[in-house]
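Report on one structure; see the data block that follows.
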Amino acid sequence: MIEVENTHNWGSGALYSAAALQEVARAARRHGLPLHLDGARIWNASAATGARIADLAAGADSVMVCYSKGLGAPVGSAVAGTKAFIQEARGARKMFGGAMRQAGILAAGALHGIRNHLERLREDHARAKRLARALSETEGLSLDPGEIETNILIAEVVRHPERLHDFVRAVASQGVLVAPFGGPGRFRAVTHLDVDDAGIARAIDAVRDAARSVLLR
Ligand SMILES: *Cc1c(COP(=O)(O)O)cnc(C)c1O
């Protein structure tokens with residue numbers, strides 16, 4: 001099978017356009033391979049491109065979506081596919097201990113996310129870009145803000161990359177969480193509905209302070 005993750009976590013939240021996905025779908029069909037779309041962040045790809053979810057999912061044999069990332073539900077994911085695929089998935093879910101009779105309360109959170117939090121994903125993207133610009137201007141760090149398309153950014157510690165973990169701890173001591181991620185010396189930051197403009201300003205200050213005290217000394 002072929003699996004595509006849209007948006008792509010390790011790619012700093014990079015997205016596939018509907019046209020690019022169609023090309024992958026054609027290649028999959030040509031080789032007789034099913035295409036699975038890991039759309040945990042498909043909402044972000046849609047918000048960033050303006051493409052409809054249906055168009056981003058067209059050509060995939062199965063699609064999963066996640067309600068607990070950008071949409072902000074406490075928990076919950078869903079998978080879509082053919083009737084036969086879903087029947088098989090239900091069996092697999094039961095075998096792995098994932099069956100749940102009281103799933104309505106989870107569905108309610110997911111519905112709330114779909115109804116109220118789709119539009120605002122663009123705010124997360126704008127804030128990620130703002131954070132990326134500030135980080136790109138921070139001495140000791142490197143990233144290209146032009147590459148940030150959605151709500152994930154991966155930056156690199158270029159001055160004393162071996163101090164990455166100390167740097168991450170110094171940022172965390174100011175209440176801002178970034179994670180070592182994406183390769184040696186790299187860390188990831190994600191914007192979401194609990195981070196407002198003031199939060200971004202705080203994150204920028206925390207990262208700059210940590211860079212000064214940990215990387216530039
Ligand atoms: C979050 C995520 C999932 C699924 O998450 P669950 O918590 O298991 O619902 C799948 N793929 C990607 C890329 C994700 O980020």
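Bear in mind the structure is a predicted one, so any value in this text is a computation, not a measurement. In this chain, numbering begins with 1 at the start of the sequence shown.
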Next item on the list: Taking only Lys NZ, Arg NE, NH1 and NH2, and the carboxylate oxygens of Asp or Glu, determine whether Glu149 and Lys129 approach each other closer than 4.0 Å.
Entry: no
Notebook entry, point to check: In Å, rounded to the nearest 0.5 Å, how long is the span from CG of Asn151 to NE2 of His125?
Noted result: 5.0 Å
Check: Thinking salt bridges, do Asp55 and Arg52 make one under a 4.0 Å N-O criterion?
Finding: yes
Note to self: With a sphere of 6.0 Å drawn around CD of Glu3, does it hold more than 12 non-hydrogen atoms of other residues, nucleotides or ligands?
What the structure shows: yes
Next item on the list: Fit a plane to each ring of His117 and His112, take the angle between them on a 0 to 90° scale, and name the class: parallel (under 30°), tilted (30 to 60°) or perpendicular (over 60°).
Entry: perpendicular
Item checked: Residue Leu216 excluded, over 12 heavy atoms near CG under 6.0 Å -> yes
Next item on the list: Check each of Asn44, Ile114, Val65 against Leu71 using the side-chain contact (heavy atoms from CB on, under 4.5 Å) test, and report the only one that passes.
Entry: Ile114
Next item on the list: Return the minimal non-hydrogen interatomic distance between Leu153 and Ala128, and the atom names on each side.
Entry: CD2-O, 3.4 Å
Notebook entry, point to check: To the nearest 0.5 Å, how far apart are CG in Asp205 and CD1 in Ile200?
Noted result: 11.5 Å
Next item on the list: Take His36 and Ser62 through the side-chain hydrogen bond (donor to acceptor under 3.5 Å, both in side chains) test and state the conclusion after the steps.
Entry: CA-CA 5 Å; His36 177 69; Ser62 54; 2.7 Å; yes
Next item on the list: Flag the pair Glu123 and Arg127 as a salt bridge only when some basic side-chain nitrogen lies within less than 4.0 angstrom of an acidic carboxylate oxygen.
Entry: yes
Check: Charged N to carboxylate O below 4.0 Å: is that the case for Arg163 and Asp166?
Finding: no
Checklist line | Least distance between heavy atoms, Glu5 atom then Thr7 atom | finding: CG-O, 3.3 Å
Margin query: Please say yes or no: joined through hydrophobic side-chain contacts below 4.5 Å, possibly via intermediate residues, are Phe187 and Val158 part of one cluster?
Written below: no
Notebook entry, point to check: So how far is it from Asp144 CG to Leu135 CG, rounded to the nearest 0.5 Å?
Noted result: 12.5 Å
Notebook entry, point to check: If you group Ile, Leu, Val, Met, Phe, Trp and Tyr by side-chain heavy-atom gaps below 4.5 Å, do Ile53 and Val24 land in one group?
Noted result: yes
Check: Does a donor on one side chain sit under 3.5 Å from an acceptor on the other, for Asn9 and Arg41?
Finding: no
Next item on the list: Grab the two heavy atoms, one from Leu56 and one from Tyr16, that are nearest each other, plus how far apart they are.
Entry: CD2-O, 3.9 Å
Margin query: Main chain of Ala20, side chain of Ser17: is a donor-acceptor contact present, judged purely on distance under 3.5 Å?
Written below: yes
Next item on the list: With rounding to the nearest 0.5 Å, note down the distance linking CZ in Phe85 to CG in Asp61.
Entry: 9.0 Å
Next item on the list: Answer yes or no: does atom CZ of Arg202 have more than 12 heavy-atom neighbours from other residues, nucleotides or ligands under 6.0 Å?
Entry: no
Notebook entry, point to check: Does atom CD of Glu119 have more than 12 heavy-atom neighbours from other groups under 6.0 Å away?
Noted result: no
Item checked: Distance-minimising heavy-atom pair for Ile148 and Ala132 -> CG1-CB, 3.6 Å
Checklist line | Arg90, CZ atom: more than 12 neighbouring heavy atoms under 6.0 Å | finding: no
